[in-house]
2 protein chains.
Amino acid sequence: MVLSTGKGSLPLYLQIKEMLVAKISGGEWLPSDLIPSELQLAQELSVSQGTVRKAITELVENNILVRKQGRGTFVANHDTQRALFHFFHIVNDDGVKVLPNSRTLSCRRKRATRLEASRLQLPSGSSVVSIERVRELEGRATIVEVITLSADPFSNLIKPKACDLPNMLYELYEKQFGMTVHTAEEKLRAIAAPKRTASLLNVPEGSPLLEIERIALGLDRTPIELRISQCSTVKHYYQNTVF
Amino acid sequence: MVLSTGKGSLPLYLQIKEMLVAKISGGEWLPSDLIPSELQLAQELSVSQGTVRKAITELVENNILVRKQGRGTFVANHDTQRALFHFFHIVNDDGVKVLPNSRTLSCRRKRATRLEASRLQLPSGSSVVSIERVRELEGRATIVEVITLSADPFSNLIKPKACDLPNMLYELYEKQFGMTVHTAEEKLRAIAAPKRTASLLNVPEGSPLLEIERIALGLDRTPIELRISQCSTVKHYYQNTVF
DNA sequence: TAGTGGTCTAGACCACGAG
DNA sequence: TCGTGGTCTAGACCACTAA
């Protein structure tokens, strides 16, 4: 890797940042790997420690790297904690986040609807994997989810028995498929409970539900997953903090 | 101001950060004021430019200061743009944020309900200002809002005719009352439209609405405003991006 | 004790904005 | 042209971790 230092070129620290992201999204460095020390990188790249430091600082702020004083810098491990605290916004009436249980109803291959194809940026009619599941919070069926994945990287998902899909799918995508979910874009609406959801959640048909359409994006902003969640907000709510 | 440099003390740059925030939330520096240059602050505080720089960098990341190359560093101006883009999450079906129009229905003084008092951290039964208004998006009545403010700093709000309250209240709080809204905590639920809201929004009673309960917090995290918005999500939705 | 990140310094040069 | 923030260097010392 050679850094360019001319006039019209990006600042060194941004070039280094891109290089580090490439190592991670290219699979050379895996989640929870220790990366070379700041001094080592600085020597390899013939820049000062401060310049490497600035690149790493921005990646730490993006939750892509994690610094541990005295130990080194690691590729972020987007595990249960992160999935739960960053991407799961449903809390109980006391404002406490509780881990949901999931029961998978089906997991099969099908052709993408127009919506699914467009959200996942696939050609219309592409083959996708579709998962339907019910999530319980504090013993109460609260969320019905329909999850759509491009069949291309994820076709192996259908092979295991449908029922043993893990609760935290993002962890699975990362460990089994090397797809790290880094960002999510959500659209929220209030809807009237459709028949099937109503019966799964044990609420009257037509009662108000919170519908969340989420696109999960990778480190390089490729769409990974489309997830439509229909949530009863009788005993829980969606929490968001804006800075 | 003297910085402490002993063992158990905070890093210098954090002490400087606190000092700068104090100047702003204390009213010594007002929104869109130019603050002293990095070099000048460094000399006054007897630290290096890099240390001041680190403090300022963090405040820029928090949207409290704004840097302008060649000109200087300014106190952030939390004006229309910011209010619109940071705190307003309702977009139309094309994902486009549109400026709402507001029609104020009432603006009066009353005693806080238990909920209002607890959210605003006031003694129960305190005097508060309560505003009710309807907001139109793209010509369509979409949101009914009930806004509650502590009467103590805000009692002047009742004096003008109720109808000429501005559309962007956070700008008013900042300019008229020196209260800058920096953070908001939102709780979202789906509810069945109550009678009054239904008639204001021209939807059937009981139809699903998105209810947003928002607490707006100041720079020092004091609660400033409680706002309950009931939104029709037929032609619009609530948008959120998670990193 | 050796190696890591965390803080801090004192300087250099560049890019930009205003007069 | 001058002062600002933006980038970059080469060092110093501290705090923490692991061997």
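Just so we're clear, the structure is a prediction, and the values are computed from it rather than from any experiment. Quick note: numbers below take in every heavy atom, side chains included, and nothing from hydrogens, waters or symmetry partners. Each chain gets a letter, A, B and so on, in the order its sequence line appears, and its residues count up from 1.
Contacts of residues 34-43 of chain A with DNA chain C (heavy atom under 4.0 Å): A/Ser37, A/Glu38.
Applying the side-chain contact (heavy atoms from CB on, under 4.5 Å) rule to A/Gln121 yields the partners A/Pro223; only residues at least two apart in sequence or on another chain are considered. Evaluation of the side-chain contact (heavy atoms from CB on, under 4.5 Å) rule for B/Val21 yields B/Ser25, B/Leu59 as partners, not counting sequence neighbours. Residues passing the side-chain contact (heavy atoms from CB on, under 4.5 Å) test with A/Glu186, sequence neighbours excluded: A/His89, A/Leu188, A/Ile212, A/Arg214, A/Tyr238, B/Asn240, B/Val242. In this structure, the side-chain contact (heavy atoms from CB on, under 4.5 Å) partners of B/Gln43, at least two apart in sequence or on a different chain, are B/Leu39.
With hydrogens and angles left out, the side-chain atoms of B/Thr222 and B/Asp220 include a donor and acceptor closer than 3.5 Å.
With D/dG5, C/dT7, D/dC8 as the choices, the nucleotide that has an atom nearest any side-chain atom of B/Arg67 turns out to be D/dG5. Side-chain proximity of B/Thr73 to D/dC8, C/dT7, D/dG5: nearest is D/dG5. Of the candidate nucleotides C/dC8, C/dG6, D/dT7, C/dG6 has the atom lying nearest to any side-chain atom of A/Arg53. With distances taken from any side-chain atom of A/Val47 to the nucleotides D/dC8, C/dC8, D/dT9, the minimum falls on D/dT9.
Between B/Gln49 and B/Val52, the one whose closest nucleotide on DNA chain C sits nearer the 5' end is B/Val52.
Because its NZ or CZ atom is both nearer than 6.0 Å to the ring centre of B/Phe74 and within 45° of the ring axis, B/Lys68 counts as a cation-pi partner of that residue.
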Next item on the list: I would like to know whether B/Arg67 and B/Thr57 meet side-chain hydrogen bond (donor to acceptor under 3.5 Å, both in side chains); could you show each step before the answer?
Entry: CA-CA 9 Å; B/Arg67 284 201 175 103; B/Thr57 298; 2.9 Å; yes
Output a table of nitrogen or oxygen pairs between the protein and nucleotides 17-19 of chain D separated by less than 3.5 Å.
{"unit_1": "D/dA18", "atom_1": "OP1", "unit_2": "A/Arg71", "atom_2": "NE", "d": "3.4"}

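Using a 4.0 Å heavy-atom distance criterion, B/Leu12 is classed as a sugar-phosphate-only contact.
With respect to B/Ile90, the side-chain contact (heavy atoms from CB on, under 4.5 Å) criterion is satisfied by exactly one of B/Ser229, B/Pro100, B/Cys231: B/Cys231.
Residue A/Thr51 has a polar side-chain atom (N or O) positioned under 4.0 Å from OP1 or OP2 of D/dT9.
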